[in-house]
Amino acid sequence: MLTIATSKGRTLKHTLSLLAEAGIEPSEDLSKTRKLIVPSVCGNVNLVLIRATDVPTFVEYGAADIGITGKDTLAEHNSDNLYEPLDLNIGKCRLMTAIVTGRELPTGKLRVASKYVSLSEQYFAKKGQQVEVIKLYGSMELAPIVGLADCIVDLVDTGNTLKANGMEPLDLIMDISSRLVINKASMKMKHERIKGLIKQLKIAVDNRR
Ligand code: AMP
């Protein structure tokens with residue numbers, strides 16, 4: 001049995017289509033089910049549905065052999081105990097700083113709102129900019145408007161969410177896409193099976209380029 005952890009986010013459709021090309025199809029509609037573990041039609045894979053931010057933890061501890069989640073989540077989690085063999089080239093977006101349109105960043109210590117506390121701290125430390133990062137779990141765009149922060153660090157795709165809230169993107173921190181991650185022990189114990197799956201997924205990814 002192979003266990004694959006993923007989440008019900010905006011990339012689920014693309015994830016499922018890649019998995020289908022690798023011969024893995026869930027036995028029920030993942031976007032509708034309330035189940036957290038769904039077996040594949042062939043019966044030798046279990047799909048585990050969890051929050052994107054929990055995927056690295058499940059794979060790191062071996063609760064799942066394989067995980068599919070965004071590079072943002074993986075970089076924030078920052079574990080040495082995961083293999084990351086494949087960029088799935090889906091869920092593409094950018095991790096950026098953003099500010100209220102037309103406003104300039106104040107001098108001195110900045111207040112930054114983000115759910116990416118560690119990535120934000122690293123980014124501003126590299127620039128030699130002192131910051132206080134305020135951890136938020138959502139609706140980041142609100143923070144500068146209500147005076148909670150000077151700027152935000154968040155994912156930007158079309159830029160529409162920022163625009164709708166009177167904000168604009170400032171600097172690119174990193175390009176993001178969904179990645180395949182593998183538990184190190186599983187890679188040894190289930191080597192042939194996992195190697196075959198990586199190969200099939202790579203073909204599916206390359207076919208879409
Ligand atoms: P957009 O309005 O298209 O720029 O999308 C921005 C909003 O969608 C923000 O709330 C982001 O956190 C979220 N978002 C954008 N792209 C992704 C992605 N690939 N995965 C998860 N959330 C995303």
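First listed ligand is number 1; within each ligand, the first listed atom is number 1.
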Review point. Between L162 and ligand 1, is there a nitrogen or oxygen pair with a distance under 3.5 Å?
Key: no
Check your understanding: If we only count N/O pairs under 3.5 Å, is G91 in contact with ligand 1?
Key -> yes
Exercise for review: Check each heavy atom of R10 against ligand 1 and say whether those closer than 4.0 Å belong to the side chain, the backbone, both or neither.
Suggested key: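 The part of R10 near ligand 1 is the side chain, not the backbone.
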Point to revise | D157 with K92: basic N within carboxylate O range, under 4.0 Å | key: no
Check your understanding: Would you call K109 and E132 a salt bridge, taking side-chain N to carboxylate O under 4.0 Å as the test?
Key -> no
Any idea which atoms of ligand 1 are less than 4.0 Å away from a heavy-atom of [X]?
{"X": "T158", "result": "1 (P), 2 (O), 3 (O), 4 (O)"}
{"X": "D154", "result": "9 (C), 10 (O), 12 (O)"}
{"X": "N160", "result": "2 (O), 4 (O)"}

Point to revise | Option whose closest heavy atom lies nearest to atom 11 (C) of ligand 1, chosen from L155, T161, I176 | key: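 Checking each option, the heavy atom nearest atom 11 (C) of ligand 1 is found in L155.
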Review point. Does NZ in K135 sit with more than 12 non-hydrogen atoms of other residues, nucleotides or ligands closer than 6.0 Å?
Key: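 Atom NZ in K135 is crowded, with more than 12 foreign heavy atoms closer than 6.0 Å.
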Point to revise | K202 atom NZ, over 12 foreign heavy atoms within 6.0 Å | key: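 Not buried by this count: 12 neighbours or fewer within 6.0 Å.
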Practice item. Could you verify whether a donor N or O on one side chain and an acceptor N or O on the other, from R51 and T73, lie under 3.5 Å apart? Key: no
Review point. With a 4.0 Å cut-off on heavy atoms, does G159 reach ligand 1?
Key: yes
Point to revise | salt bridge (charged side-chain N to carboxylate O under 4.0 Å, His left out): pairs with one or both residues in residues 68-85, sequence neighbours excluded | key: K71-E84, E84-R179
